[in-house]
Amino acid sequence: MDHSSNNILLDQFGRPHDYLRISLTERCNLRCTYCMPEEGIVLRPRAQFMKTDEVIAIAKTFVSLGIKKIRLTGGEPLVRNDAKEVIEQLAKLPIELAISTNGVLVDQFIDTFKKAGIHSINVSLDSLQEGKTAAITRRNNFAATLSNIHLLIKENFHVKLNAVIMKGLNDDEILDFVQFTKENPVHFRFIEFMPFNGNKWDWSKGLSYKEIMDLVNTDYGAKVQKLQDKKNDTAKSYKIEGYKGTFAVISSVTNPFCDSCNRLRLTADGRMKNCLFSQSETDLLTAFRNGEDLRPLIFENVWKKKSTRGGMDTFEEFSDASLNQQNRSMIAIGG
Ligand code: SAM
Ligand code: SF4
């Protein structure tokens with residue numbers, strides 16, 4: 001079936017897709033509890049993953065189909081040996097290029113980011129305390145991550161900080177995170193804890209958008225200002241009057257934002273996913289290696305996108321382990 005319409009990647013619900021998230025690797029220098037299963041993931045031979053030229057060629061095909069923004073993610077994208085080369089090559093495409101990182105290696109990439117025209121950098125920061133960060137990431141990365149966040153701010157990057165909020169772990173720091181925006185011009189985003197294979201998800205460990213905002217509103221009252229969200233924004237944004245930074249909540253669990261979703265994903269092993277939660281994938285890498293035209297495969301994959309969270313429409317379905325554990329772990333999808 002031909003679902004192509006003027007090279008716009010439309011699904012059957014009429015949503016156009018112009019944003020691609022590419023995972024560069026399943027490997028990571030951290031071991032975040034919410035992302036990576038405790039036992040780790042099985043490391044597979046390099047041949048099963050996209051090589052430099054394959055990342056670029058597949059990305060180019062997406063760009064020819066209307067993709068306007070690419071975010072590099074992983075795993076940790078900066079642990080890949082050819083990360084600089086991939087960034088330099090992708091920067092030549094007519095797209096906005098962005099990156100999500102845990103920040104540990106960022107100081108080695110400042111020039112590369114600048115030359116590539118990358119302005120927006122997302123950094124994971126789940127705690128402002130060293131010991132707690134180590135408990136969450138299972139590594140001692142706090143000092144490196146924090147100093148690199150300050151380096152990015154100093155170098156005038158637009159810095160978004162991502163914290164997955166978990167009960168009894170870092171929910172007592174929400175007001176500290178908001179306070180961090182007083183002097184630091186960052187956009188702090190509080191993410192509802194989402195279920196992926198092996199992350200021992202249980203919503204009783206999560207904090208909802210409402211619970212997070214109740215805490216903030218109780219403390220800051222009338223000083224909390226709602227900001228205008230853009231159409232495809234996954235976050236609901238706020239700021240405290242007079243503070244340099246802003247903050248937001250990403251509510252994939254209690255308040256999904258699927259209606260305006262414009263995102264597609266490419267895993268490090270070259271599989272296309274039309275949703276973070278989709279259980280079906282299209283193997284673009286094998287098709288590419290066989291010399292096939294990827295475009296019909298991409299159109300077909302987009303067309304089949306489910307209306308909400310990979311088909312888990314209700315909170316009950318989303319919470320059902322027999323459904324949500326069918327997916328890969330986050331580290332193998334690319335967050
Ligand atoms: N290593 C990079 C980093 O940490 O930002 C990029 C990859 S990471 C998988 C991308 C984002 O996914 C991070 O902000 C992380 O907090 C988020 N993430 C991972 N597992 C999650 C989960 N179970 N629920 C919500 N967000 C999650
Ligand atoms: Fe690594 Fe990022 Fe996953 Fe943490 S969230 S384990 S830093 S990929």
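In listed order, ligands and their atoms are each counted from 1. Starting from 1, each residue takes its place in the sequence as its number.
Residue P77 has no N or O atom closer than 3.5 Å to an N or O atom of ligand 1. Below 3.5 Å of separation, one finds an N or O of E76 facing an N or O of ligand 1.
Set against the non-hydrogen atoms of G75, the atoms of ligand 1 under 4.0 Å away are 1 (N), 2 (C), 6 (C), 7 (C). Counting atoms of ligand 2 from 1 in the listed order, those under 4.0 Å from a heavy atom of N102 are 7 (S). Numbered from 1 in the order shown, with element, the atoms of ligand 1 that lie under 4.0 Å from a heavy atom of T73 read 6 (C), 7 (C). If you number the atoms of ligand 1 from 1 as listed, the ones under 4.0 Å from a heavy atom of I191 come out as 25 (C), 26 (N). Under a 4.0 Å criterion applied to the non-hydrogen atoms of N162, ligand 1 contributes the atoms 14 (O). Short contacts between ligand 1 and C35, defined as distances under 4.0 Å to a heavy atom of the residue, involve ligand atoms 9 (C), 19 (C), 20 (N).
Atom 4 (Fe) of ligand 2 has an N, O or S atom of C32 closer than 2.8 Å. Residue side and main chain included, C28 places no N/O/S atom under 2.8 Å of atom 3 (Fe) of ligand 2.
Heavy-atom distances between T101 and ligand 1 reach below 4.0 Å in at least one pair. At least one heavy atom of G75 sits less than 4.0 Å from an atom of ligand 2. Under a 4.0 Å heavy-atom criterion, C28 is not in contact with ligand 1. Residue contact annotation: G103 has no non-hydrogen atom under 4.0 Å from ligand 1.
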- Could you give me the CA-CA distance, side-chain angles and deciding distance for E155 and K114, then say whether salt bridge (charged side-chain N to carboxylate O under 4.0 Å, His left out) is met? CA-CA 9 Å; E155 297 286 346; K114 284 187 178 170; 2.5 Å; yes
- Start with the C-alpha gap between K84 and E88, add the side-chain angles, then the distance that decides, and say whether salt bridge (charged side-chain N to carboxylate O under 4.0 Å, His left out) holds. CA-CA 6 Å; K84 286 188 181 166; E88 281 161 17; over 6 Å; no
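For the pair K160 and F188, the cation-pi criterion (under 6.0 Å, within 45° of the ring axis) is not fulfilled. Figure legend: K236 and Y209 shown as a cation-pi pair, the cationic atom lying under 6.0 angstrom from the six-membered ring centre and within 45 degrees of its axis.
Looking from atom 16 (O) of ligand 1 to the surrounding protein, the closest heavy atom is V164 CG2, 3.3 Å. Regarding atom 10 (C) of ligand 1, its nearest protein heavy-atom neighbour is G335 CA, 3.7 Å. Shortest contact from atom 24 (N) of ligand 1 to any protein heavy atom: M194 N, 2.9 Å. Nearest non-hydrogen protein atom to atom 3 (C) of ligand 1 is S124 OG, 3.2 Å. In terms of protein heavy-atom proximity, atom 18 (N) of ligand 1 is closest to M330 CE, 3.5 Å. Taking atom 8 (S) of ligand 1 as the reference point, the nearest protein heavy-atom neighbour is G74 O, 4.2 Å. For atom 3 (Fe) of ligand 2, the closest non-hydrogen atom on the protein side is C35 SG, 2.4 Å.
To the nearest 0.5 angstrom, L128 atom CG is 7.0 Å from L146 atom CG. The line from NE2 of H187 to OH of Y238 is 11.5 Å long, rounded to the nearest 0.5 Å. Interatomic distance, CZ of R31 versus CD1 of I41, reported as 8.5 Å (0.5 Å rounding).
Minimum interatomic distance between M36 and C28 (heavy atoms only, all atoms of both residues): CE-CB, 4.2 Å. Counting all heavy atoms, side chain and backbone alike, L207 lies closest to D171 at CD2-CB, 3.8 Å.
In summary, of the residues considered (D172, D126, T137), a side chain to side chain donor-acceptor pair (under 3.5 Å) with K132 occurs for D172 alone. Under the side chain to side chain donor-acceptor pair (under 3.5 Å) rule, T286 has a single partner from N290, T282, D283, which is D283. With Y19 as the partner, the side chain to side chain donor-acceptor pair (under 3.5 Å) test is satisfied by one option alone out of R71, R263, K68, E96: R71.
Among Y34, W201, F193, the residue whose heavy atom lies closest to atom 21 (C) of ligand 1 is Y34.
Ring planes of F193 and W201: tilted class, angle from 30 to 60°.
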